[in-house]
Amino acid sequence: MNVIKSVQAWLKGFTGLEFKSFHEILTDFTEELPSSYALAPAGNSKVTEDIMGNRTYQNSYILYAREPAGNEVDRAENYDFLEALNDWIEEQDDKRNFPQLPGSRKVESITVSNIMQFGVDDNGSAVYQIQMQLIYTKGAC
């Protein structure tokens, strides 16, 4: 299993609100009809390397959520969902309940930096995005 698949599996642990939860999280793109979710890499970098060869990395991801947005009730529920997911990620970070990464990788933190609407389709659905940062270390081989 690679890092993105580990994060996708971890996100499925979010039980959501009564009306929203993850049944499937795709890679890169959502499906055309709501409700659909996808996780896309949005950059990565090596942050540090110590004298033993242990490295710290930052991976950025965007979680896309395509949801119905045809009326005010739908849009309000979408933001309730996004705020609940943000709270859940913060709680998991506080509890140090992290994705299980492959190999010698160990998560140090996972945070949310931004939640916003990304766009609206002609069919009345909106795509929202949550930007996340995953910091992990990889031990020297």
Side-chain angles (χ1 to χ4, degrees), residues 1-121 123-141:
M1 181 180 293
N2 59 33
V3 174
I4 192 170
K5 290 293 182 191
S6 298
V7 175
Q8 287 168 313
W10 176 78
L11 285 167
K12 287 181 184 178
F14 171 66
T15 55
L17 303 173
E18 294 174 20
F19 52 90
K20 303 256 190 218
S21 62
F22 294 125
H23 56 280
E24 179 179 36
I25 300 173
L26 305 172
T27 304
D28 293 333
F29 302 104
T30 64
E31 294 178 347
E32 289 187 33
L33 297 175
S35 292
S36 179
Y37 311 99
L39 188 66
N44 63 326
S45 62
K46 181 170 67 171
V47 178
T48 62
E49 182 173 356
D50 67 21
I51 60 172
M52 300 295 293
N54 300 306
R55 298 176 183 142
T56 301
Y57 295 91
Q58 176 178 312
N59 284 15
S60 297
Y61 296 97
I62 298 175
L63 176 68
Y64 294 104
R66 181 179 300 274
E67 296 291 352
N71 60 54
E72 186 61 27
V73 171
D74 288 341
R75 292 186 295 274
E77 286 180 356
N78 293 340
Y79 282 107
D80 287 345
F81 164 66
L82 296 168
E83 288 177 17
L85 179 58
N86 178 72
D87 292 346
W88 181 83
I89 292 171
E90 285 181 351
E91 289 170 12
Q92 301 312 301
D93 188 62
D94 290 345
K95 294 176 184 176
R96 303 195 57 75
N97 180 22
F98 297 129
Q100 299 298 309
L101 301 184
S104 63
R105 295 170 179 92
K106 180 182 174 204
V107 176
E108 299 297 324
S109 69
I110 188 163
T111 58
V112 172
S113 63
N114 202 11
I115 299 172
M116 65 182 185
Q117 184 195 69
F118 185 66
V120 179
D121 294 339
N123 66 4
S125 68
V127 176
Y128 300 88
Q129 69 177 28
I130 296 177
Q131 297 171 352
M132 305 181 332
Q133 283 72 45
L134 173 72
I135 306 291
Y136 69 91
T137 56
K138 182 178 178 185
C141 298

Taking atom [atom1] of [X] as the centre, report whether more than 12 heavy atoms of other residues, nucleotides or ligands fall under 6.0 Å from it.
{"X": "Glu32", "atom1": "CD", "value": "no"}
{"X": "Lys106", "atom1": "NZ", "value": "no"}
{"X": "Tyr79", "atom1": "OH", "value": "yes"}

Item to complete: Determine which pairs satisfy salt bridge (charged side-chain N to carboxylate O under 4.0 Å, His left out) with at least one residue from residues 34-62, sequence neighbours left out, and list them in order.
Response: Lys46-Glu49, Glu49-Arg55

Main-chain N/O of [Y] paired to [X] side chain as donor or acceptor, under 3.5 Å:
{"X": "Ser36", "Y": "Thr30", "value": "no"}
{"X": "Asp93", "Y": "Ile110", "value": "yes"}
{"X": "Asp121", "Y": "Gly124", "value": "no"}

Discussion item. Tell me if the centroids of the rings in Tyr128 and Tyr64 come within less than 6.0 Å of each other.
Written reply: no

[atom1]-[atom2] distance between [X] and [Y], expressed to the nearest 0.5 angstrom:
{"X": "Leu85", "Y": "Ile115", "atom1": "CG", "atom2": "CD1", "value": "7.0 Å"}
{"X": "Gln58", "Y": "Thr48", "atom1": "CD", "atom2": "OG1", "value": "11.5 Å"}
{"X": "Met132", "Y": "Asn86", "atom1": "CE", "atom2": "CG", "value": "10.5 Å"}

Side chains of [X] and [Y] only: does a donor on one sit below 3.5 Å from an acceptor on the other?
{"X": "Thr137", "Y": "Thr56", "result": "no"}
{"X": "Thr27", "Y": "Gln8", "result": "yes"}
{"X": "Tyr57", "Y": "Asn59", "result": "no"}

Worksheet entry | Shortest non-hydrogen separation from Gln100 to Ser6 and the atoms involved | O-OG, 3.1 Å

Worksheet item: In a check of side-chain contact (heavy atoms from CB on, under 4.5 Å) between Asn78 and each of Glu83, Glu67, Arg66, which one passes?
Response: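 Result: among Glu83, Glu67, Arg66, Glu67 is the only option passing the side-chain contact (heavy atoms from CB on, under 4.5 Å) with Asn78.
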
Item to complete: Taking the side chain as every heavy atom from C-beta outward, state whether Pro41 and Ile4 have any pair of such atoms under 4.5 Å apart.
Response: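 When only atoms from C-beta onward are counted, Ile4 and Pro41 do touch, with a gap below 4.5 Å.
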
Item to complete: State, with a plain yes or no, whether a side-chain heavy atom of Val112 is found less than 4.5 Å away from one of Glu90.
Response: no

Practice prompt. Anything under 30° is parallel, anything over 60° is perpendicular, the rest tilted; go ahead and classify Trp10 against Trp88.
Written response: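 It falls in the tilted class, 30° to 60°.
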
Worksheet item: Using 30° and 60° as the class limits, which term best fits the ring planes of Phe14 and Phe81: parallel, tilted or perpendicular?
Response: tilted

